Amino acid sequence: MGIVSRERGDEPVAAGTDSVFDRSLVTIAVYVRGTVAGEVDVRTVSTSYGESDLAEVPVRLATDDEPAGDATPTRSDGGTAAVADGRETTVTLWNKWTESAELLEPGMELVVTNAKEEEYQGETQYKTTGESYVVVEPSFLVSVTSIRNWVECPRLYYLNKLSGVPLNYPVVKGTLVHEVFGDLLRGRDLEESIDARVEERGLQLGLLGETPDAVKEEIRENAKAIEGWLEQGRLTEEDSWRSEQLLISETFGIRGRADAVRRGAPVELKTGKNLKKEPRFKDKVQAACYALLLEEHGGDVDIGTLLYTKNSALDRNEETGDLTPAKEFTMGDGLLKYVVRLRNEIAAKETSGEIPTGYEADAKCEYCFEQDTCMVVSGRLDQESKAGQIGQALPAEEREYFDRFYRAIEEERREVHREYAKLWEQTAEERADDDRALIDLEFVAKRPLEGGRWELRARRTGGANSKLREGDLVLASDGDPVRGDSELARIERLDDEVVITADEPVAVTRLDVYPSELTTDRLLVAMHDALLKGDERRKDVLFGRAEPEFEEIDEAFIDNNERQNEAVRKAVGAEDCALIHGPPGTGKTYTIARAIRAMVERGERVLLSAFTNRAVDNALEALLEQLEDVIDEDSVASETQRSGDGEAVDVVRVGSESGVSDEMEPYRLERAGEPADRVAELEDAQVVAATTATCGSRIMKEQAFDAALVDEAAQLTEPGTCAAINLAERFVLVGDHEQLPPVVRAENDLTESLFERLVERYPDAGVMLDRQYRMNQRIQVFASTEFYDGQLRPATPEVAGRTLDDLEGVSRDALPETLSDPVSFVDVEGDRSQYTDSEEAERIADLIERYEAAGLERSDIGVIAPFRAQVSEISSTVPDDVTVDTVDRFQGSSQEVIIVSFTATGSLEGPIFEDYRRINVALTRPKRALVLVGDSSALASDPVYERMLEWARQ
DNA sequence: GTTTAAGACTAAAAC
């Protein structure tokens, strides 16, 4: 049996209940899950055991059809049954669980395991027993690291989140020693492992100024301790090992990765020294977390091992004869419950949004390495802190901004946690329908790789889509990612056959998206840096206290497009910032490239960034073309642009191998290698291109630039934009706020981009590109008048007059008269279903046939619909080589012919139609022909759509 | 009543 049967609890049993040893209690122990329904009453009562604390919590029980109620406990405690009937009842938490009760607020979720059911005044109520655990907000999956930080000091946990962990040698070395430890457990040769692991971290070590030999020597020292200990184990018994196992507990709401699991018990490796007899308390807490996690995975352990690898044989404890460096200790019930209470504190704080002060726990500021940081943050943001405050508080508007965005980012974080919870709340089929899992794979083969890892192959049995892509980290499982056999794995190949690599040879039949807090972490750090480390002048501009200034530039950069030329002048001459507004097809990317070239020619170091890898690569490609021009014009310049082997050396693309396109791969900065070389490559680069997420990485945070150019800035949140512009003296944002805004999970302040805010605040700092190179004149009219004040116009007569006739083998005369105009409307009454319309779908299939008959290639036709359901409906009725997608996914691309399915009959209600930016995107994708398909009476019910109708019917 | 991307050094590393 599991934890529930662990000897006796450390707490007195609730007064008036049967003894925990009474078998009858075990048989009626229940698993209670529900939502706090009112104020919690905490008080002290006299019992036969003396004074006891209790908390009465009004709880609305979960129901079977709620996801939460569905979570039948999986722990091996036979007598437990879940109660899930939606009743409102009282749950009494006794003794130390009252500490968790004090954290509860109405609306929070609560789980009590091994509760006792009892009748009170005709009502069935529940209370904790000596074997209960109480879990607050169980779907908030707290990481073991968070709990470890929190027990040291809650404020340390907060500061780590806020300002990130800086690049420092002890941390990097610690990571290396752990990697080598894992390798040893998997049977890899020590020297080979050390060489490989140090090589992999070349760039980081280089930034720290370390040499490979010195690092290797240090790792060898730690490895000696590990090897010695492993030898001891091998002499005495057959060990069963598992290294670096990722564990998730749905009952306790904890996740973590154990360094190693030996005969079912957690082993934690520490790089430091500890000559005391006992392990450090925070290390014990960490091991106890893994014990809880292992418990849920069928283990039953109460022993933890801590391996202090800096301890050597010389440090052998004379007094105790302790075998160093390993320290074994026993985990009692009390420690495990304490850990769950710690975890509850984190979950509750995160839910309520409160900022930790340090008083929550017994923090000792005088020994803390983060004391100064803590005091500065407290002082600048005027936060209460046990360490005290230093310095002047930021102006009120900046603190208000901080609070607003902190809340918004944390809200996003909670959404990420909700994604974790779906791993067990949703069925495999639901996950697959959400595109978040590939299920029903057929396991094919496993193959051991060099270094002890495994290559696993599985065959796809269906053609289902998923968000998973090559290079992604995923949860690979035997069908159940939480309770079953699962490992964190990397997707190497993804076609009919799936190839992944993992530490253990799981018989994989399912892959799940593994949610990550990385993006939210980086947003928080970017906002922190912008406010607390940001230059005053920069903040004056961001907060509307000073107008951006410009140096007058007379130079002509682009001679056939006045606005583009002006945009480059503004970008080059900006003292603070410049804003380039580029409607569809207006040559934003070219303009950026030209501006960067001009900056580079002035000897400046430039950062090129955007939200997506694709956008970064596009802009970089345009820049490389520009630089080619330089070489063509001036052979002397070419010497400096090119290295001996003909490759540009002053341009570097920072990003992962899977993120960067094959075309840009030659410019990608490799992380592995000789430290000094890698650092030189990065630091000598005059142009560095990276996504905004990468700009927030520890590596990029060390870099400084004269200017940052951010493309597609209207799709970035403010903190996302800050990640890039924090690194530069001046910045240029390029985008179009009349197209779709940033994608965020929760409705909050993140939905407006910094680009949009600044364009509105400082119209004079912006330039709107007004000539488009994409659409026939008739097509662009509506978007131009509706979204761009009529300023958008064709760049050339050729663009204005382009029609299908220009395409080889296509004749407009072969089209029915209704389609002869570049813009046409097809009135379809449609069916009444909400997210699909089969009549529109049929009509569209028919239209495609007619275009084909007129000589058009299917691949030149795109179909856009608002709903995914309609997209699949249309996909099933039209040929495969016609692109069919939602508006949102069509943004950024264009087609010769676009057909739009409005999928609305009778009325236009629904949030999807309310954002007019969506129609702007849909209507500006075609070059030569646009066909709108919909119900005219529904469209006429909204003034904007009505004007669209008039325009299409002209 | 909807739609939506992509990022990536996973979590843990330690003075």
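These numbers come from a predicted model, not from an experiment.
Note on T271(A): a side-chain N or O is less than 4.0 Å away from OP1 or OP2 of dA14(B). At the phosphate of dG7(B), neither OP1 nor OP2 sits under 4.0 Å from any side-chain N or O atom of Q715(A). Taking side-chain N and O atoms only, N168(A) has no distance below 4.0 Å to OP1 or OP2 of dC15(B). Dashed line: the shortest gap from a side-chain N or O of H178(A) to OP1 or OP2 of dA13(B) is under 4.0 Å. Listed pair K282(A) / dA14(B) fails the phosphate criterion, with no side-chain N or O lying under 4.0 Å from OP1 or OP2. Within the structure, every side-chain polar atom (N or O) of S697(A) is placed at least 4.0 Å from both OP1 and OP2 of dA8(B). Of the side-chain N and O atoms in Y308(A), none sit less than 4.0 angstrom from OP1 or OP2 of dA14(B).
For the salt bridge (charged side-chain N to carboxylate O under 4.0 Å, His left out) with E517(A), the qualifying choice from R414(A), R255(A), R522(A) is R255(A), the only one to do so. Test R201(A), K173(A), R186(A) against E179(A) for salt bridge (charged side-chain N to carboxylate O under 4.0 Å, His left out) and you get one pass: R201(A).
E179(A) comes within 4.0 angstrom of no nucleic acid atom, judged by non-hydrogen atoms across all strands. Note on T612(A): only backbone sugar-phosphate atoms sit closer than 4.0 angstrom, heavy atoms only; bases stay farther off. Here K173(A) lies out of heavy-atom contact (under 4.0 Å) with every strand. D915(A) comes within 4.0 angstrom of no nucleic acid atom, judged by non-hydrogen atoms across all strands. Nucleic acid contact class of V144(A) (heavy atoms, under 4.0 Å, all strands): sugar-phosphate only. Here R698(A) lies in heavy-atom contact (under 4.0 Å) with a base. Nucleic acid contact class of E914(A) (heavy atoms, under 4.0 Å, all strands): none. Note on Y157(A): nothing from the nucleic acid sits closer than 4.0 angstrom, heavy atoms only. No contact: T692(A) has no heavy atom under 4.0 Å from any strand. Nucleic acid contact class of P866(A) (heavy atoms, under 4.0 Å, all strands): sugar-phosphate only. When heavy atoms are screened at a 4.0 angstrom cut-off, L518(A) is found touching the sugar-phosphate backbone but no base atom. Within the nucleic acid shown, T519(A) comes within 4.0 Å of at least one base atom, counting heavy atoms only. Contacts of F890(A) with the nucleic acid, taken as non-hydrogen atoms under 4.0 Å apart, are absent. Nucleic acid contact for Y835(A): sugar-phosphate only, since backbone atoms but no base atoms lie under 4.0 Å from a heavy atom of the residue.
Rounded to whole Å, the distance from CD on Q870(A) to C1' on dT2(B) is 14 Å. Per the geometry, CG belonging to N149(A) stands 13 Å off C1' belonging to dC15(B), to the nearest Å. Whole-Å rounding puts the D521(A) CG to dA12(B) P distance at 13 Å. Per the geometry, CZ belonging to R255(A) stands 11 Å off C1' belonging to dA12(B), to the nearest Å. E152(A) has its CD atom 10 Å from the C1' atom of dC15(B), to the nearest Å. A straight line from CD1 of I254(A) to C1' of dA12(B) spans 16 Å, rounded to a whole angstrom. The nearest whole Å value for the distance from the CG atom in D711(A) to the C1' atom in dG7(B) is 17 Å. Taking atom CG on L423(A) and atom P on dT10(B), their separation rounds to 16 Å, with Å as the unit.
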Test D942(A) against Y916(A) for side chain to side chain donor-acceptor pair (under 3.5 Å), laying out the working first.
CA-CA 11 Å; D942(A) 176 290; Y916(A) 299 130; 2.9 Å; yes
Using side chain to side chain donor-acceptor pair (under 3.5 Å), reason through E470(A) and S658(A) one step at a time and then give a plain yes or no.
CA-CA 7 Å; E470(A) 287 181 6; S658(A) 56; over 6 Å; no
Please lay out, stage by stage, how F913(A) and F902(A) fare under the test ring-ring contact (aromatic ring centres under 6.0 Å, His included).
CA-CA 9 Å; F913(A) 298 107; F902(A) 283 95; 7.5 Å; no
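Nearest nucleotide to the I912(A) side chain, out of dA11(B), dA14(B), dT3(B): dT3(B). The side chain of T886(A) lies closest to dT4(B) when the candidates are dT10(B), dT4(B), dA13(B). When distances run from any side-chain atom of R469(A) to the nucleotides dA14(B), dG7(B), dA13(B), the shortest one goes to dG7(B). Counting only heavy atoms from C-beta on, L246(A) has its side chain closest to dA11(B) among dA11(B), dA5(B), dC15(B). Closest contact between the side chain of T691(A) and the listed nucleotides dA13(B), dT3(B), dA8(B) involves dA8(B). Of the candidate nucleotides dA8(B), dA11(B), dT2(B), dT2(B) has the atom lying nearest to any side-chain atom of F867(A). With dA8(B), dA11(B), dA12(B) as the choices, the nucleotide that has an atom nearest any side-chain atom of Y514(A) turns out to be dA11(B). Distance from the side chain of R889(A) is smallest for dT4(B) among the nucleotides dT3(B), dT4(B), dA6(B). You'll find that the side chain of D888(A) is closest to dT4(B), out of dA12(B), dT10(B), dT4(B).
The separation of dA8(B) from dA12(B), taken at their C1' atoms, amounts to 16 Å, rounded to a whole angstrom.
A pairwise comparison of heavy atoms in H178(A) and L269(A) identifies NE2-O, 3.1 Å as the closest pair.
Rounding to the nearest 0.5 Å places CD1 of I500(A) at 4.5 Å from CG of L456(A).
Taking 3.5 Å as the limit, the base of dT3(B) and the side chain of R918(A) contain a donor-acceptor pair of atoms between them.
Relative orientation of the F140(A) and H417(A) rings is parallel, given thresholds of 30° and 60° on the angle between their planes.
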